[in-house]
2 protein chains.
Amino acid sequence: MRLSTKGRYAVTAMFDLALHEQDGPVPLTEISTCQTISLSYLEQLFAKLRKKELVVGVRGVGGGYRLGRPAHQISIADILRAVDEKVDVSRAAEDGDPAQALWIEFSEKLYSYLDERTLADCVDRPYVQRITARQDDEHGRGIVVRQDAA
Amino acid sequence: MRLSTKGRYAVTAMFDLALHEQDGPVPLTEISTCQTISLSYLEQLFAKLRKKELVVGVRGVGGGYRLGRPAHQISIADILRAVDEKVDVSRAAEDGDPAQALWIEFSEKLYSYLDERTLADCVDRPYVQRITARQDDEHGRGIVVRQDAA
DNA sequence: TGAATATCCTACCGAAAAAGTTGGTTTTTG
DNA sequence: CAAAAACCAACTTTTTCGGTAGGATATTCA
């Protein structure tokens, strides 16, 4: 189990894709500038996400990335596992140490918790829908904070 | 938020202390040999735990470490925060990016989940079943997907 | 008193991971 | 063709992880 800034980058990027799911593919340049992550680092993360089929790349002008499957079928744990590729929760399950056994028990609970949390759970809420609705009417999507919505 | 082998070391060590709470202080040499972690690395971790008053050191022969307070008052999140000392969950809360906002929302839920899991919960099972039964109507896995509770 | 046990403390080290950089190539659209 | 984008690989820098080394201090017990 691992959860660091790397995982946060991946999850927030996936949030972004989920938020703009109906607007066609989201280019990484947008996420990069919007979230101050280097483009190439994002590319490396998305290579892993694509390998796990959590995202689909669309090449060429107007391309970008889309979700690999519906948002309610992608859990946070899926995303973390994809970018970490270190799922050895049970490093020493057999040595009979009680404290180790308790850790395994705990981490399994944590995983099942993270497996229950889908992108749809996190994104589909009225508050966010209102925020993004303002952005989506414009095709630009560059700067997030607008002064007026004319 | 960060969760890696470092956090696991700290948590399992704290499990150990909680398990032997009534047997007097537990020396780090014991945890070290029992769990194949280097003594000095453990000492470094416990320096941080002691700074946050999660443990109390007892010097001299027959010494070791005891819990700093009752097991039901120490959460897993407490332990992780102590050894990570990087609690900047809200790295850019104000820049208005919806995806970032969603991450903050999510990580706060995760933290509150980890804050409810105390050492006592993990070590002393029957006691905990009562606690968690109070939290979510469904007993068992402790899956808290809904957050309607005000 | 002195030896043994243990916490406490500081500095340093090597390996690994994280994060970013550079410099491309393909694919697609206009 | 030019621009926008995914794709790809090699590289560098920075940080963290886990460990090593060498102590100092406190306590117990013979």
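In what follows, chains carry the letters A, B, and so on, assigned in the order in which the sequence lines appear, proteins first and then strands, with residues in each chain numbered from 1. Hydrogens, waters and symmetry mates are skipped; everything else that's a heavy atom, side chains included, is used.
As rounded to whole Å, 9 Å separates atom P of C/dA6 from atom CD of B/Glu30. At whole-Å resolution of the value, CG in B/Leu3 and P in D/dT16 are 16 Å apart. Whole-Å rounding puts the A/Leu42 CG to C/dT21 P distance at 12 Å. Taking atom CD of residue A/Glu43 and atom P of nucleotide D/dA10, one finds them 16 Å apart after rounding to whole Å. One interatomic measurement links the two molecules: CG of B/Asp84 to C1' of D/dC17, which rounds to 12 Å at whole-angstrom precision. A/Leu45 places its CG atom 15 Å from the C1' atom of D/dC8, with the value rounded to the nearest Å. Between B/Lys51 atom NZ and C/dC9 atom C1' the separation is 10 Å, expressed in whole Å. Following rounding to the nearest Å, A/Lys6 (NZ) and D/dT15 (P) show an atom-to-atom distance of 18 Å.
For the OP1/OP2 pair of D/dC7 and a distance below 4.0 Å, the side-chain nitrogens and oxygens of A/Tyr65 include at least one atom meeting the criterion. A sub-4.0 Å separation between OP1 or OP2 of C/dC9 and a side-chain N or O of B/Arg50 is present. Contact annotation: B/Ser4 side-chain N/O to D/dC17 OP1/OP2 distance is under 4.0 Å. Using a 4.0 Å cut-off, no side-chain N or O of A/Arg59 falls inside it from OP1 or OP2 of D/dC8.
Judged by distance alone, with hydrogens and angles left aside, B/Ser38 brings no side-chain donor or acceptor close enough to the base of D/dT20 to form a pair under 3.5 Å. One donor-acceptor pair, N or O on each side, does fall under 3.5 Å between the base of D/dT20 and the side chain of B/Gln44.
In the set C/dC9, D/dT27, D/dA6, the nucleotide with an atom closest to the side chain of B/Val61 is D/dT27. Nearest to the side-chain atoms of B/Ser40 among the listed nucleotides C/dT7, C/dG20, D/dA21 stands D/dA21. Side-chain atoms of B/Tyr41 lie closest to D/dG19 of the nucleotides D/dG19, D/dT16, C/dC8.
Defined by atom type and a distance below 3.5 Å, a donor-acceptor pair is missing between the side-chain atoms of A/Asp115 and A/Ser112. Defined by atom type and a distance below 3.5 Å, a donor-acceptor pair is present between the side-chain atoms of B/Gln35 and B/Thr12.
Residue A/Leu39 is out of contact with every strand shown, counting any heavy-atom pair closer than 4.0 Å. Using a 4.0 Å heavy-atom criterion, one finds that B/Phe46 contacts no nucleic acid atom at all.
Projected onto DNA chain C by closest heavy-atom contact, B/Ala47 and A/Gly62 fall at different nucleotides, the more 5' of which corresponds to B/Ala47.
When atom types are taken as modelled, the side chain of A/Ser32 and the backbone of A/Leu28 share no donor-acceptor pair closer than 3.5 angstrom.
The CD atom of A/Glu105 sits 9.5 Å away from the OG atom of A/Ser107 when rounded to the nearest 0.5 Å.
A salt bridge is defined here as a Lys NZ or Arg NE, NH1 or NH2 lying under 4.0 Å from an Asp or Glu carboxylate O, and B/Arg81 with B/Asp84 fails to meet this definition.
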